[in-house]
Structure formats: structure tokens, C-alpha cells
Amino acid sequence: MSFKVNTSVLSNADGSAELTINGTKCLVSVSGPIEPKVRQELPTQASLEIIVRPAHGLSTTREKLLEDKLRSLLQSLIIRYKYPRQLIQIVVQFLVVDEEPEYTCNELNAAINGCYFALIDADLALYSSFASTNVCLNLGNLIKDPTGDVIATSDSHHVLCFSLEDGKVGKLLLLESAGEFNESQLFDLISKSVLTVEELHKLQRKAIEAKVEKDYIWSRND
């Protein structure tokens, strides 16, 4: 798996992250908590606005679908009651995409992982860490981190997001599947994705540790 992340890349956002994962690259910004518009205000918790922008052209219903999936996931992860009557805005800008327009597998995976780093950079409260991975099934064979060509020729493709606590997978938070597969194949790929996500979380922790070392100067009196 190819993985590279830089945080705090945007000076005008509360949190930001530029993530390259395999062949997909995205830039995620987080603004908030900020003052919402009257129609967005919720009395007991923060409202959440998600904006997804494609690498080329204007946003379509495809991006709206990605926004809905991200909103559904992040609403359950951000501790929104800590920010009543406020707004948290998350913008995902894709820079490089490795799949045909009829698929969103790689983009959803990159967006979820990019949101994690941007939320951490913005210092927003989360119920748990989280990470996602994507896999394909082709002639019964499980293919991890598929390229766009593999997705287009596979029998099915799947995006899975798990919560993480103490370095171990907790709950399955999101499962997006498309194509032909049976129940036993689904349970098998969920089981095998656990190890992949735990390995990815190790990379997440290394990236966050590097950020802390970069952002703060620790001093010690001997």
C-alpha cells in the first residue's frame, strides 16, 4: 500500500490534510466550530456540512452521493454535543483520481482517511479513531488496494471503515458494496480487512507522532 500524508497544509483552515493513498490524492480541510447560518443551527449539537469537489469539472450527483456517505459516517464519530449551535464544515477536494467516473470506491476510501487526519489536525473531539480500506473480489480472489482498472473488471468492490481503540479494530462503521458476491465472501473479506486496517492505523499513528514532533518543541531539565 502506498501511503503519504501531510497535515496543516492550509493556513486558512482550522485543520487540513493532503493524503495520497495508492493512486488517489485528496486535500481535506476542516473549518470549525464556526458560526452557522440560521437554517443550519442545531440547539444541542454542532451541525455538519460536507462538500466534495471532483478532480475535474463541476460537482454532480456523484459527489452528492459521496457527501451523504461521509456525513452519515462522520456524524457518528465527531462528538458534536461539545459544540452546540456551531457548524463544522469539511471540504474534500480530489486532486488525482484512479478510477472511472462510474465508480467511487477509491475516492470514498481516500476521503474517509483524509477526513481523519484533517479532524485530528483541527483538534476536534472524536469518539474513536477510524480508518478505512477497500477491496475487490474477482473470480473469488480477494484483491486489496485495487487500482481503477482492477475495480472496473472485478466482480464486486467494497469500502470498509472501522473504529479503532488501543490499536485494535472495534466496530464496523461503514460498509459500501457493489457487484456480485455471496454472504460467505462478504464475511471473509470483512475478517481479512481487519488486519489491513490495523496496519493502516500504525501508519496513522506514525504520521500523527511526526506532526506532534513538528508542531511542538519539548524541553527537559536534566
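Atoms considered below: every heavy atom in the structure, side chains included; atoms not considered: hydrogens, waters and symmetry mates.
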#### Entry: Rounded distance (nearest 0.5 Å) linking atom CG of L119 with atom CG of D14
11.0 Å
### Query
Between N113 and S132, do the side chains contain an N or O donor and an N or O acceptor separated by less than 3.5 Å?
yes
### Task
Say whether, by atom type as modelled, one donor and one acceptor occur between the side chain of Q185 and the main chain of N182 under 3.5 angstrom.
yes
### Task
Give a yes or no on whether a salt bridge exists between K206 and E209, defined as a side-chain N under 4.0 angstrom from a carboxylate O.
no
### Query
Is there a path of hydrophobic side-chain contacts, each under 4.5 Å between heavy atoms of I, L, V, M, F, W or Y residues, that connects L142 with V150?
no
### Message
Please list all pairs meeting ring-ring contact (aromatic ring centres under 6.0 Å, His included) that have one or both residues in residues 152-174, counting only residues at least two apart or in different chains.
### Response
Y103-H157, H158-F181
### Test item: E49 side-chain N/O and I90 main-chain N/O as donor-acceptor pair under 3.5 Å
no
### Query
Going through the checks in order, is the side-chain contact (heavy atoms from CB on, under 4.5 Å) test met by L172 and L175?
CA-CA 7 Å; L172 177 62; L175 173 59; 4.2 Å; yes
### Message
Atom CZ of residue position R205 - does it have more than 12 heavy atoms of other residues, nucleotides or ligands inside 6.0 Å?
### Response
no
### Considering all heavy atoms, the nearest K211-S8 contact
NZ-OG, 3.6 Å
#### Entry: For the student: nearest non-hydrogen atoms of E18 and K25, plus distance
CD-CE, 3.6 Å
### Message
For a quick check under 3.5 Å, do N106 and N134 share a side-chain donor-acceptor pair by atom type?
### Response
yes
### Query
When you measure from the side chain of S76 to the backbone N and O of L73, does any donor-acceptor pair fall under 3.5 Å?
yes
### Query
Who pairs with R53 by side-chain hydrogen bond (donor to acceptor under 3.5 Å, both in side chains), at least two apart in sequence or on another chain?
none
### Query
Side chains of Y83 and L124: closer than 4.5 Å at any heavy-atom pair?
yes
### Task
Say whether L65 and F94 are linked into one hydrophobic cluster, either directly or through other cluster members, by side-chain heavy-atom distances under 4.5 angstrom.
no
### Query
Would you say the side-chain atoms of S59 pair up with the backbone N or O of V52, donor to acceptor, closer than 3.5 Å?
yes
### Message
Could you report the tightest heavy-atom contact between V5 and A17, atom names first, then the distance?
### Response
CG2-CB, 4.4 Å
### Task
Check F130 against C115 and note the closest heavy-atom contact, atom names and distance.
CZ-C, 4.4 Å
### Query
Any donor-acceptor pair under 3.5 Å linking the side chain of E176 with the backbone of L160?
no
#### Entry: Under-4.0 Å salt bridge between D188 and K192
yes
### Check: N109 side chain, T133 main-chain N or O, donor-acceptor pair, under 3.5 Å
yes
### Task
Drop me the distance from I50's CD1 to Q75's CD, to the nearest 0.5 angstrom.
8.0 Å
### Query
For the side chain of E99 and the backbone of C105, is there at least one donor-acceptor N/O pair under 3.5 Å apart?
yes
### Query
Does any non-hydrogen side-chain atom of T196 lie less than 4.5 Å from one of K144?
yes
### Query
Under 4.5 Å between side-chain heavy atoms, hopping through other hydrophobics if needed: is there a path connecting L203 to L19?
yes
### Message
Return the OG1 to CD1 distance between T7 and I120, rounded to the nearest 0.5 Å.
### Response
10.5 Å
### Task
Report the C-alpha separation of V92 and I51 in whole Å, then their side-chain angles, then the decisive distance to 0.1 Å, and conclude whether the side-chain contact (heavy atoms from CB on, under 4.5 Å) test is met.
CA-CA 6 Å; V92 180; I51 301 170; over 6 Å; no
### Non-hydrogen side-chain atoms of R62 and E107 separated by less than 4.5 Å
yes
### Query
Near D166 CG, under 6.0 Å, is it more than 12 heavy atoms from other residues, nucleotides or ligands?
no
#### Entry: Atom pair CG (L74) and CD (E67), whose distance is rounded to the nearest 0.5 Å
12.0 Å
### Query
Between T60 and E63, is any side-chain donor less than 3.5 angstrom from a side-chain acceptor?
yes
### Query
Do T24 and D98 get their side chains close enough for a donor-acceptor pair, meaning under 3.5 Å?
no
#### Entry: L87-L42 co-clustered via ILVMFWY side chain contacts under 4.5 Å
no
### Query
Have D149 and T147 got a donor and an acceptor in their side chains that come within less than 3.5 Å?
no
#### Entry: Other residues, nucleotides, ligands: >12 heavy atoms within 6.0 Å of E180 CD
no
### Task
Look up atom NZ in K82 and atom CD in Q45, then write down how far apart they are to the nearest 0.5 Å.
14.0 Å
### Message
Quick check: closest heavy atoms across P146 and I143, and the distance to 0.1 Å?
### Response
CD-O, 4.0 Å
### Message
Using 0.5 Å steps for rounding, measure from the CG atom of L48 to the CD1 atom of I78.
### Response
5.0 Å
### Audit row: I88, I34, side-chain contact (heavy atoms from CB on, under 4.5 Å) steps and yes/no
CA-CA 7 Å; I88 297 169; I34 57 177; over 6 Å; no
### Message
Angle between ring planes, Y116 versus H201, binned at 30° and 60°: parallel, tilted or perpendicular?
### Response
perpendicular
### Task
Find out if a path of hydrophobic residues (ILVMFWY) with successive side-chain heavy-atom gaps under 4.5 Å connects M1 to F117.
yes
### Query
Do any N or O atoms from the side chain of S16 and from the backbone of S29 form a donor-acceptor pair under 3.5 angstrom?
no
### Task
Identify the two heavy atoms, one from S163 and one from S128, that lie closest to each other, and give their separation to 0.1 Å.
CB-OG, 3.3 Å
### Task
Find out whether L27 and L10 are in side-chain contact, i.e. whether some heavy atom of one side chain is under 4.5 Å from a heavy atom of the other.
yes
### Minimum side-chain heavy-atom gap T44-P84 below 4.5 Å
no
### Donor-acceptor contact below 3.5 Å, side chain S193 vs main chain L189
yes
### Task
Begin with the C-alpha distance, continue with both residues' side-chain angles, and end with the deciding distance and a verdict on side-chain contact (heavy atoms from CB on, under 4.5 Å) for L70 and L108.
CA-CA 8 Å; L70 288 171; L108 179 59; 4.2 Å; yes
### Message
Any non-hydrogen side-chain atom of C26 less than 4.5 Å from a side-chain atom of Q93?
### Response
no
### Query
Quick one: does Q40's side chain have a donor or acceptor within less than 3.5 Å of a partner on K37's backbone?
yes
